[in-house]
Amino acid sequence: MMRSIRYISLNSFLFFVLMGLCLTGEAHADFTLTPGISLRVEYDDNLFLTTDDETDDFSTTVVPSISLLQESKYLRTDLRYSLEFIKYLNETYLDETEIKDIQRASVTGAVLPDNRFSVLYEASIDRVTVDDRRSETSNIVNVTNEYRGLVRPRYQYRLAPNITGEIAYQYETTQYDNPDSVIDSVTELNDVEDHDAFLQMVLAASANLNFQLETYYNWHQSDEFPDYEMWHGLAGFLWTPLSHLSLDVNAGGAITDPEEGRDNLKDSLYRISLAYRPPENWGFFTSYTKDFKTSIDDGRYKWWEF
């Protein structure tokens, strides 16, 4: 069942590409074609993530890309295609230059983008790291292909002049390849489906202070781990005492109901950020987050970030 969804995701990706190119919605739809290239040089002091006999190396990443943005009254689509070449200074056998390994593609967009009711969609084909230690920076530790698709119908409402919000449903599926030559510590990757129902509300107390309420329900299904249901609730505020300074604080909790008969789990959530963004080409941002993520090979786990 889950395996077949990978092909559905690919077909969906092709469908969105064709829709973006062909269904302009209006004869005067605008198209913007943007080529680009990026260069990154990185030094890694522990290339293989080992506890001893560490290996260091320099890597150079070159990413030529092209994007096509289509905008009309009824449809907005942003297509992006890129090639990510990676070359190592010493460990040259780790170079990624084969077409099958370096291609990246994505499409994002919306149907009825400027209406209160709209449908957001995303699809992507990418290369990601699979690692029990959850390293998100290594390009060589258990790398595999990821196929992702997302659809989000939503309705933005206004209950009063100072009360706005959004009601949404979101379906997301993520599928992975399992190449034996790369995945040496994982027998089967964790393909997943998520169903989410969202309710968000914002009360504008003043020009500089907004109170926020967010609650959502998540039903998580996967190949390798027990399914679960989770309810999240967060409340907080966004304060902008100065035009370029903002403080965003939210706190709440999550209740998880595993489907294998265990007791419910209760956990706290925090999202705090402070940002200073003047119009010049510089700024400052700091944040603290306590939340949950889903690992490809370990399932759900708590996550902190500062």
(request) Report the C-alpha distance between V202 and L238 in whole Å, list the side-chain angles of each, state the deciding distance to 0.1 Å, and finish with yes or no for side chain to side chain contact (heavy atoms under 4.5 Å, CB included). (result) CA-CA 10 Å; V202 177; L238 173 63; over 6 Å; no
(request) Evaluate the side chain to side chain contact (heavy atoms under 4.5 Å, CB included) criterion for residues K87 and V62: first the C-alpha distance (whole Å), next the side-chain angles of each, then the deciding distance (0.1 Å), finally the verdict. (result) CA-CA 9 Å; K87 297 283 291 182; V62 180; over 6 Å; no
(request) Could you check if a side-chain atom of L112 sits within less than 4.5 angstrom of a side-chain atom of V119, using non-hydrogen atoms only? (result) no
(request) For the residue pair H220 and V192, establish whether any side-chain heavy-atom pair is separated by less than 4.5 Å. (result) yes
(message) Grouping I, L, V, M, F, W and Y whenever their side-chain heavy atoms are under 4.5 Å apart, do L89 and Y93 come out in a common cluster?
(response) no
(message) Are Y74 and Y155 connected into the same hydrophobic cluster when the rule is that any two of I, L, V, M, F, W, Y join if their side-chain heavy atoms are below 4.5 Å apart?
(response) yes
(message) To check you understand the geometry: which heavy-atom pair defines the closest contact between N115 and Q156, and what is its length?
(response) O-OE1, 3.9 Å
(message) Name the residue from E96, E98, E146 that meets the salt bridge (charged side-chain N to carboxylate O under 4.0 Å, His left out) definition with R127.
(response) E96
(message) Are L69 and T34 packed together at the side-chain level, in the sense that at least one heavy-atom pair is separated by less than 4.5 angstrom?
(response) no
(request) For side chain to side chain donor-acceptor pair (under 3.5 Å), just list the numbers for Y81 and Q103, CA-CA rounded to whole Å, side-chain angles, deciding distance to a tenth of an Å, and then say yes or no. (result) CA-CA 8 Å; Y81 177 77; Q103 295 185 84; 2.7 Å; yes
(message) Counting C-beta onward and ignoring hydrogens, is there a side-chain heavy-atom pair between L265 and Y228 closer than 4.5 Å?
(response) no
(message) Testing the basics here: between H244 and P278, what is the closest heavy-atom pair and its distance to 0.1 Å?
(response) CG-CA, 3.8 Å
(request) Mark yes or no for whether D57, through its side chain, and E91, through its backbone, hold a donor-acceptor pair below 3.5 Å. (result) yes
(request) Spell out, as yes or no, whether a donor-acceptor pair under 3.5 Å connects the side chain of D191 to the backbone of Y176. (result) yes
(message) With ring-ring contact (aromatic ring centres under 6.0 Å, His included) as the criterion, how do Y276 and F284 come out once you've worked through the C-alpha distance, each side chain's angles and the decisive distance to 0.1 Å?
(response) CA-CA 5 Å; Y276 180 66; F284 171 80; 8.3 Å; no
(message) Rounded to the nearest 0.5 Å, what separates atom CG in D257 from atom CD in E229?
(response) 5.5 Å
(message) Ignoring hydrogens, what is the shortest heavy-atom contact between R148 and T174? Give both atom names and the distance.
(response) CG-OG1, 4.1 Å
(request) Work out which heavy atom in D194 is nearest to a heavy atom in N218; give both atom names and the distance. (result) OD1-ND2, 2.9 Å
(message) Assigning hydrophobic clusters by single linkage (Ile, Leu, Val, Met, Phe, Trp, Tyr; side-chain heavy-atom cutoff under 4.5 Å), is I66 placed with F85?
(response) yes
(message) Contact between E214 and N250 at the side-chain level, heavy atoms closer than 4.5 Å - yes or no?
(response) no
(request) State the CG-OG distance between N208 and S243, to the nearest 0.5 angstrom. (result) 9.5 Å
(request) Give a yes or no on whether the backbone of L274 and the side-chain of T286 come within a donor-acceptor separation of less than 3.5 Å. (result) no
(request) Carefully, step by step, assess E42 and T61 under the rule side chain to side chain contact (heavy atoms under 4.5 Å, CB included). (result) CA-CA 8 Å; E42 180 179 341; T61 304; 5.8 Å; no
(request) Kindly compute the distance separating CG (D291) from NZ (K302), expressed to the nearest 0.5 Å. (result) 12.0 Å
(request) Give a yes or no on this: more than 12 heavy atoms of other residues, nucleotides or ligands lie within 6.0 Å of atom CZ of F306. (result) no
(request) Verify, without hydrogens or angle tests, whether S82 (side chain) and P64 (backbone) share a donor-acceptor contact under 3.5 angstrom. (result) no
(message) Assess, by modelled atom type and distance only, whether the side chains of Q175 and T173 contain a donor and an acceptor separated by less than 3.5 Å.
(response) yes
(message) Any non-hydrogen side-chain atom of N90 less than 4.5 Å from a side-chain atom of T55?
(response) no
(request) Step by step, work out the side chain to side chain contact (heavy atoms under 4.5 Å, CB included) result for F31 and L33. (result) CA-CA 7 Å; F31 291 86; L33 186 66; over 6 Å; no
(request) State, yes or no, whether a side-chain contact exists between V128 and T144 at a heavy-atom distance under 4.5 Å. (result) yes
(request) Calculate, to the nearest 0.5 Å, the distance between atoms CD and CD belonging to E193 and Q221 respectively. (result) 5.0 Å
(request) Please check if the side chain of N210 supplies one atom and the backbone of F237 the other of a donor-acceptor pair under 3.5 Å. (result) no
(request) With side chain to side chain donor-acceptor pair (under 3.5 Å) as the test, would you mind laying out the steps for H195 and Y169 before giving the verdict? (result) CA-CA 7 Å; H195 301 263; Y169 162 78; 2.8 Å; yes
(message) Do L150 and Q170 have side chains that approach each other closer than 4.5 Å (heavy atoms only, starting at C-beta)?
(response) yes
(request) Report yes or no: do Y171 and Y216 belong to one cluster of Ile/Leu/Val/Met/Phe/Trp/Tyr joined by side chain heavy-atom distances under 4.5 Å? (result) no
(request) Examine L245 and W239 and state if one hydrophobic cluster contains both, with Ile, Leu, Val, Met, Phe, Trp and Tyr joined whenever side-chain heavy atoms are less than 4.5 Å apart. (result) yes
(message) Please give me the minimum heavy-atom distance between A110 and L120, naming the atom from each residue.
(response) CB-CD2, 3.6 Å
(request) Calculate, to the nearest 0.5 Å, the distance between atoms OH and CD belonging to Y288 and E305 respectively. (result) 11.0 Å
(request) Determine the minimum heavy-atom distance between R158 and A160, stating which atoms define it. (result) CG-O, 3.1 Å
(message) As an exercise, state the distance from CG of D267 to CZ of F292, rounded to the nearest 0.5 Å.
(response) 3.5 Å
